[in-house]
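Notes to accompany the following structure.
We count ligands from 1, going down the list as the structure has it; atoms in each ligand are counted the same way.
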Amino acid sequence: GKGNYRHFMEKELHEHPVVLGDTLRQYIDPSSRAAVLPELPFDPAVVPRLTLSACGSAYLAAQVGRYWFEQIARIPVDSDIASELRYREPVVPKGGAAVMVSQSGETADTLAALRLLKQLGQKVLSVVNVDESSMARESDGKVLTVAGPEIGVASTKAFTAQLAVLACLALGFGRARGVLSAEDEARLTAALLEVPAHAAALLENGEDIQDLAREVVQARDVLFLGRGSLYPIALEGALKLKELSYIHAEGYAAGEMKHGPIALIDPAVPVIALCPSGPLFEKTASNLQEAAARGGRIMVFTDAIGAPSLRRFAERVVVLPTVDPFVAPILHAIPVQLLAYHVAVLKGTDVDQPRNLAKAVTVE
Ligand code: F6R
């Protein structure tokens, strides 16, 4: 049941710390601070390319995974939504591998893409939450997220658990390929192991996000911006807001604004930006400043390092815990989910069962 929570989604949001802890403990050895790879159907040291595919939020988790596999493990990656990949006549290399991501393990398009990639000779590894699912059965290998049952239609804890698994895989692959030093691996696993406590702190201090929700609920359109591994999280923020509150939202890469979307900037269209400190901070901040100069109302998620300079032009600054840039997408996923939740509650929409949606999409 829902216990003391109003909705399954609220309960599942509050399970983030436990789920992240359970999932990370599965794939990190805390004493050696090394990523623990599951049994794999391919050798990550020599795999020529990974094809990533999934649908919806699971696809956005895969998109974050793509940044990690490239940056940390230096593996060439192709990624696409499953409904496109399956009809694209994709070109895959001999000896290549695929990583599919799915909470249910039953999504029709993802399952079809999995079957196609197997037919094309790829070794398929699935990141799934349901062990006895079709995808778990049909894959050459599986990695389980330890999220427990997810009842709310909108993915919450399963999404961050997918990110946690992909992060650990990227570290393990980086080590296997000889491109990640033991020192860096220890630093990055330590950063991951701190995420559950940061998630708990963030869930306890949700007032800024509720205030932000009171602004957002009045909007007809909302823009979400991010760069690098925060770009897929901006897309996730927009997806969650659309599906839960029925408010039109778009996610963009911050650097793409001047190629069209900046024309949308208007005081009536709140701009929600994900801008933690890190190598891309200055670039993102300057894109936001350009939007502010054109009358955009900037509302930003950042950390204590990024906050002072953003406060000069942003209308609202929500300060999240300061973390290694590697884990920032996991931490930022939680407030964008919370924001969509609070906006939906304010609007009175059906949070656990949004209109027209099903938990597992078993038809294409
Ligand atoms: C969005 C959401 C969906 C699912 C998608 C894939 O909040 O939950 O976009 O992520 O339908 O579902 P699975 O992960 O079961 O393959």
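For Phe173 and Phe69, the gap between ring centers is short of 6.0 Å.
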* **Chi angles and distances behind the side chain to side chain donor-acceptor pair (under 3.5 Å) call for Thr362, Glu106** => CA-CA 6 Å; Thr362 52; Glu106 302 295 347; over 6 Å; no
Exercise for the section: Quick one: do Arg187 and Asp324 satisfy side-chain contact (heavy atoms from CB on, under 4.5 Å)? Show the steps, please. Expected result: CA-CA 9 Å; Arg187 179 174 55 80; Asp324 190 288; 2.9 Å; yes
- Task: Might you work through the side-chain contact (heavy atoms from CB on, under 4.5 Å) test for Val318 and Thr302, ending with a clear yes or no?
- Result: CA-CA 6 Å; Val318 180; Thr302 185; over 6 Å; no
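For atom 6 (C) of ligand 1, the closest non-hydrogen atom on the protein side is Cys55 O, 3.3 Å. When hydrogens are left out, the protein atom nearest atom 9 (O) of ligand 1 is Ser57 N, 3.1 Å; that is the closest non-hydrogen contact. Looking only at heavy atoms of the protein, atom 11 (O) of ligand 1 is closest to Val361 CG2, 4.2 Å. Nearest protein neighbour of atom 8 (O) of ligand 1, counting heavy atoms only, is Ser155 N, 3.1 Å. The single protein non-hydrogen atom nearest to atom 14 (O) of ligand 1 is Gln103 N, 2.6 Å, given as residue, atom name and distance. Protein heavy atom closest to atom 15 (O) of ligand 1, with residue, atom name and distance, is Ser104 OG, 2.7 Å.
Nearest approach of Leu244 to Ala344, heavy atoms of both residues: O-CB, 3.5 Å. Considering every non-hydrogen atom in both Phe159 and Ser57, the closest pair reads CE1-O, 3.1 Å. Smallest separation of non-hydrogen atoms from Ile247 and Arg220: CG2-O, 3.6 Å.
Atoms of ligand 1 lying under 4.0 Å from at least one heavy atom of Glu243, given by number and element, are 1 (C), 7 (O). Atoms of ligand 1 found under 4.0 Å from any heavy atom of Ala58 (numbered from 1 in listed order, with element): 10 (O), 14 (O). Ligand-side atoms of ligand 1 in range of Lys240: 1 (C), 7 (O), range being under 4.0 angstrom from any heavy atom.
At a 4.0 Å heavy-atom cut-off, ligand 1 touches Val153 through the backbone alone. At a 4.0 Å heavy-atom cut-off, ligand 1 does not touch Lys359 at all.
A donor-acceptor pair under 3.5 Å is absent between the side-chain atoms of Lys94 and the main chain of Pro48, judged by distance alone.
Of the N or O atoms in Thr107, one or more lie within a sub-3.5 Å distance of an N or O in ligand 1.
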